[in-house]
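What follows is a single structure, written as structure tokens, with notes after it.
The structure displayed is predicted, hence computed values, not measured ones. Numbers for residues simply follow the sequence, beginning at 1.
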Amino acid sequence: MGKDFVLAMDQGTTSSRSIVFDAAGAIRASVSQEYEQIYPQPGWVEHNPEAIWDSQIATARAAITQAGLSARDIAAIGITNQRETTVVWDRASGRPVFNAIVWQCRRTSDYCAQLKEKGLEPEVRQRTGLVLDAYFSGTKLRWILDHVDGARALAEKGGLCFGTVDSWLLHKLCGVHATDYSNASRTLLFNIHTLDWDDTLLEALDIPRTMLPEVKPSSFIYGITKVFGPEIPVAALCGDQQSALFGQAAFAPGECKNTYGTGCFLLMNTGERPIESRHGLLTTVAWGLDEKVEYALEGSVFIGGAVIQWLRDEMRLIDSATQSESVAAEVEDNGGVYVVPAFVGLGAPHWNMSARGTITGLTRGSGRAHIVRAALESISFQSADVIRCMEAELDSRIPVLKVDGGAARNNLLMQHQADVLGAPVLRGQTTETTALGAAFLSGLAVGMWKEKNELRQIWRQEREFVPQWNESRRDIAVSGWRKAINRTIA
Ligand code: ADP
């Protein structure tokens with residue numbers, strides 16, 4: 001009998017999760033475990049790579065057991081991961097030489113500013129599709145070489161390995177030093193056009209090529225692990241946001257997804273065309289599959305679900321995030337109230353880092369429900385702004401928006417998203433789209449699924465939100481939002 005299950009390892013920023021999926025894409029077991037966040041100083045964030053591994057492997061074993069299976073039943077393992085987080089380990093001993101420097105960590109901001117002053121930004125943009133920011137791996141890797149005793153000398157001799165978290169887990173699982181195109185495209189060191197590490201950028205950051213992993217397709221048999229006893233192929237690596245796009249079966253150009261978490265992450269498939277954005281969106285590799293690479297445009301909303309946490313914890317207008325829906329539904333509309341949660345500035349398309357939040361349109365009749373509703377609507381307005389940028393880059397309107405993440409459970413928010421966009425919003429049955437993407441990619445590599453079309457059948461809609469506003473209602477709402485944004489920026 002064939003093996004009918006795949007194990008997705010979803011290594012996230014605050015927890016490690018493992019999910020066993022069956023051939024119908026249904027979840028058979030899901031186990032997650034939080035692990036320690038290390039804050040050595042304000043703005044710095046680290047993880048212990050061994051804690052990442054320990055929590056990941058523990059959840060994997062538990063998920064197989066919880067599914068009532070043994071490792072023999074697992075056809076493949078797919079890994080999806082927090083992106084950009086940087087690990088460096090000793091090639092000989094396999095041991096990390098420093099903690100993982102997490103994507104959120106700002107320790108290399110000044111170094112990025114220096115590189116910008118030297119005029120490197122246009123090169124970075126053109127070659128990597130990214131912006132020159134401390135967020136991405138390259139300058140974190142450089143920091144380790146500069147600050148860990150003996151690291152540079154050892155690296156020059158070929159004694160150190162660099163990897164993002166996918167590579168680190170792969171190394172622990174089967175001793176292979178590799179990554180996939182989607183993760184490589186987040187390092188600031190990878191040329192997304194030539195699909196190779198970029199010598200100009202390696203030289204600018206002074207990083208020895210010997211440290212870098214081999215780059216392979218996202219759906220690919222990287223190696224065989226024996227850590228569970230029986231041999232299991234590790235058959236997919238993919239960055240979390242790209243994996244979610246794949247898990248949403250957004251396989252064709254123009255298809256896109258929005259993940260509503262603390263922040264929102266929007267990705268639009270642009271097919272085999274890397275589109276250089278004029279609006280400050282990122283160009284990224286979506287995945288490597290079927291002997292080609294496909295690209296995506298990426299934009300994010302800094303404060304998404306976080307505005308709901310703010311309503312709960314600071315404003316104390318609601319007791320729980322879920323309650324935001326019923327409170328907002330107490331009023332018919334926002335009553336002209338707009339919340340712009342520019343708590344840390346505004347991203348695409350405004351790019352104003354000094355902007356701070358505003359509430360506009362208050363009258364004597366404005367109450368708690370209006371503010372809660374306006375806060376929810378700020379999530380969909382901001383997401384729509386990013387989508388309009390993507391549409392402008394592609395010169396076409398999106399047909400539908402697929403959604404996932406914690407705040408996507410809010411029906412009022414999803415309806416507003418559809419109304420503001422003027423396009424249907426589709427929520428899938430599986431909320432674990434990130435893990436599902438990795439499961440799909442690994443299942444494809446081992447032949448559990450034959451082709452992407454088969455996966456389209458597996459993706460099941462739970463609910464569709466159809467736009468209910470006419471053009472003029474939409475224009476009024478959007479122009480109210482624009483006015484509020486302008487006041488925030490002024
Ligand atoms: P993350 O992965 O970023 O931690 P999640 O996908 O778990 O985020 O989503 C949690 C976020 O979504 C929180 O910011 C929370 O305030 C928000 N959220 C959760 N449920 C709802 C809801 N029903 N309505 C609005 N926001 C919600």
Give a yes or no on this: more than 12 heavy atoms of other residues, nucleotides or ligands lie within 6.0 Å of atom [atom1] of [X].
{"X": "Glu214", "atom1": "CD", "result": "no"}
{"X": "Asn453", "atom1": "CG", "result": "yes"}
{"X": "Arg209", "atom1": "CZ", "result": "yes"}

Return yes if some donor-acceptor pair links the side-chain N/O of [X] with the main-chain N/O of [Y] below 3.5 Å, else return no.
{"X": "Gln323", "Y": "Asp319", "value": "yes"}
{"X": "Arg91", "Y": "Gly158", "value": "yes"}
{"X": "Lys257", "Y": "Met268", "value": "no"}
{"X": "Ser32", "Y": "Arg17", "value": "no"}
{"X": "Lys140", "Y": "Thr85", "value": "no"}
{"X": "Thr225", "Y": "Leu173", "value": "yes"}
{"X": "Asp73", "Y": "Ser70", "value": "yes"}
{"X": "Glu325", "Y": "Asn411", "value": "yes"}
{"X": "Gln248", "Y": "Ala244", "value": "no"}
{"X": "Asp4", "Y": "Ala23", "value": "no"}

Check: [X]/[Y] side-chain N/O donor and acceptor closer than 3.5 Å:
{"X": "Trp103", "Y": "Thr13", "result": "yes"}
{"X": "Thr164", "Y": "Asn81", "result": "no"}
{"X": "Thr179", "Y": "Asp166", "result": "yes"}
{"X": "Thr194", "Y": "Asp196", "result": "no"}
{"X": "Gln37", "Y": "His47", "result": "yes"}

side-chain hydrogen bond (donor to acceptor under 3.5 Å, both in side chains) contacts touching residues 432-449 (sequence neighbours left out):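 Checked against side-chain hydrogen bond (donor to acceptor under 3.5 Å, both in side chains) - neighbours excluded - the pairs reaching residues 432-449 are Asp404-Thr433.
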Residue pairs, two or more places apart or on separate chains, that pass side-chain hydrogen bond (donor to acceptor under 3.5 Å, both in side chains) and touch residues 154-163: Arg152-Glu156
Cation over ring face, Arg61 and Phe228, 6.0 Å, 45°: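 The answer is yes; both the distance and angle limits are met.
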Sub-4.5 Å side-chain heavy-atom contact between [X] and [Y]:
{"X": "Asp385", "Y": "Val301", "result": "no"}
{"X": "Phe190", "Y": "Thr128", "result": "no"}
{"X": "Leu376", "Y": "Leu412", "result": "yes"}
{"X": "Lys402", "Y": "Trp459", "result": "yes"}
{"X": "Trp197", "Y": "Asn191", "result": "no"}
{"X": "Leu201", "Y": "Leu188", "result": "no"}
{"X": "Ile387", "Y": "Leu401", "result": "yes"}
{"X": "Leu394", "Y": "Thr270", "result": "yes"}

Could you tell me whether [X] and [Y] have a side-chain N and a carboxylate O separated by less than 4.0 Å?
{"X": "Arg107", "Y": "Glu46", "answer": "yes"}
{"X": "Lys216", "Y": "Asp180", "answer": "no"}
{"X": "Lys172", "Y": "Glu50", "answer": "yes"}
{"X": "Arg28", "Y": "Asp22", "answer": "yes"}

Whether Trp310 and Phe343 hold their rings parallel, tilted or perpendicular, with breakpoints at 30° and 60°: tilted
Aromatic ring pairing Trp143/His147, orientation class (parallel under 30°, perpendicular over 60°, tilted between):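 Ring orientation, 0 to 90° scale: parallel.
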What are the two closest heavy atoms between [X] and [Y], and how far apart are they?
{"X": "Thr259", "Y": "Gly405", "answer": "CG2-CA, 4.1 Å"}
{"X": "Ile79", "Y": "Leu170", "answer": "CD1-N, 4.2 Å"}
{"X": "Ser324", "Y": "Ile318", "answer": "CB-CD1, 4.0 Å"}
{"X": "Ala235", "Y": "Val446", "answer": "CB-CG1, 4.0 Å"}
{"X": "Ser300", "Y": "Val386", "answer": "O-CG2, 4.2 Å"}
{"X": "Ala286", "Y": "Cys238", "answer": "O-SG, 4.0 Å"}

Among residues at least two apart in sequence or on other chains, which ones pass salt bridge (Lys or Arg N to Asp or Glu O under 4.0 Å) with [X]?
{"X": "Arg312", "answer": "none"}
{"X": "Asp240", "answer": "Arg83"}
{"X": "Lys452", "answer": "Glu294"}
{"X": "Arg397", "answer": "Glu391"}

With sequence neighbours excluded, residues passing ring-ring contact (aromatic ring centres under 6.0 Å, His included) with His193: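 None.
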Just to verify, what does [X] make a side chain to side chain donor-acceptor pair (under 3.5 Å) with, not counting sequence neighbours?
{"X": "Gln11", "value": "Ser16, Tyr35, Gln82"}
{"X": "Gln309", "value": "none"}
{"X": "Ser277", "value": "Glu393"}
{"X": "Gln415", "value": "Asp419"}

From CG (Asp54) to CG (Asn48), nearest 0.5 Å: 8.0 Å
Stepwise salt bridge (Lys or Arg N to Asp or Glu O under 4.0 Å) check, Arg186 with Glu298: CA-CA 11 Å; Arg186 313 298 296 185; Glu298 174 172 325; 3.1 Å; yes
Aromatic ring proximity Trp168/Trp89, centre distance under 6.0 Å: yes
Phe465/His416 aromatic ring centres below 6.0 Å: no
Pairs meeting criterion ring pair (Phe, Tyr, Trp, His ring centres under 6.0 Å) with involvement of residues 250-271, two or more places apart: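 Found Phe246-Phe251.
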Residues Glu276, Thr283; criterion side chain to side chain donor-acceptor pair (under 3.5 Å); working and verdict: CA-CA 6 Å; Glu276 200 172 331; Thr283 311; over 6 Å; no
Chi angles and distances behind the side chain to side chain donor-acceptor pair (under 3.5 Å) call for Thr139, Thr108: CA-CA 6 Å; Thr139 61; Thr108 55; 2.8 Å; yes
